[in-house]
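Since the model is a prediction, treat every value here as computed from it, not as a measurement. Counting from 1, the numbers follow the sequence of the chain as shown.
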Amino acid sequence: MRRRELYDAASGGGGPRLLPWTSPEGKPCYLSTDGRGYLSTLADSIEAVQLGMGQELLEYAREATAPGAPTLSATEYRWLACRLTEALADALRVADSRGQRLPDPEEEEVDEGA
């Protein structure tokens, strides 16, 4: 079992999950879940796509800024900066969501000592 599944099984759920999308107003969306079900699977898939797209964009940025690479126009550099900003925001959101679902190490120590 994955670490999250072990934690959810032990704790009876990890609380609301931060989803990888926002409301039309830009507010965070949460899902009350046990880590299974259609929306959890969809959120996992979207996170994987977001991280994969970020990886591809990072590879493109490295190639575009490598020594000897053809110089991009100001518009192309602006496009690249905008896409990198979006990818970083997605990656931070995924990290925040996954971090919220990890057990607190201090709580683990208390549980082990009991």
Run Leu19 and Ile46 through side-chain contact (heavy atoms from CB on, under 4.5 Å) and show every step you take. CA-CA 9 Å; Leu19 295 172; Ile46 290 175; over 6 Å; no

Verdict with reasoning, Asp96 to Leu18, per side-chain contact (heavy atoms from CB on, under 4.5 Å): CA-CA 8 Å; Asp96 187 28; Leu18 177 63; 3.5 Å; yes

Checking Glu47 against Arg101 for the salt bridge (Lys or Arg N to Asp or Glu O under 4.0 Å) test, could you report, in this order, the C-alpha distance in whole Å, the side-chain angles of both residues, the deciding distance, and whether it holds? CA-CA 14 Å; Glu47 286 179 352; Arg101 290 180 275 151; 3.8 Å; yes

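Side chains of Asp90 and Pro20 form no contact here, defined as non-hydrogen atoms less than 4.5 Å apart.
Side-chain contact, Ser97 with Arg93: no donor N or O sits under 3.5 Å from an acceptor N or O.
Scanning both residues, Thr22 and Cys29, for their nearest heavy atoms gives C-SG, 3.6 Å. When all heavy atoms are compared, the tightest approach of Ala69 to Glu63 is CB-O, 3.2 Å. Contact between Ala87 and Gly54 at its shortest, heavy atoms only, is CB-CA, 3.9 Å.
Salt bridge annotation for Asp44-Arg98: absent, with no cationic side-chain nitrogen under 4.0 angstrom from a carboxylate oxygen. Salt-bridge formation is not detected for the pair Arg62/Glu59: no Lys NZ or Arg NE/NH1/NH2 atom is positioned less than 4.0 Å from an Asp or Glu carboxylate oxygen.
Put simply, Leu57 and Leu72 are part of the same group of oily side chains (I, L, V, M, F, W, Y) that touch within less than 4.5 Å, one to the next. Note on Leu51: it does not cluster hydrophobically with Leu88, by side-chain heavy-atom contacts below 4.5 Å among ILVMFWY residues. Tyr38 and Trp21 fall within the same hydrophobic cluster, defined by Ile, Leu, Val, Met, Phe, Trp and Tyr side-chain heavy atoms under 4.5 Å apart, directly or through other members. Cluster membership check: Leu84 shares its hydrophobic cluster with Tyr77, using side-chain heavy-atom separations under 4.5 Å among Ile, Leu, Val, Met, Phe, Trp and Tyr.
Checking side-chain atoms of Gln100 against main-chain N and O of Arg17 turns up no donor-acceptor pair under 3.5 Å.
A distance of 8.0 Å separates CE in Met53 from CD in Gln50, rounded to the nearest 0.5 Å.
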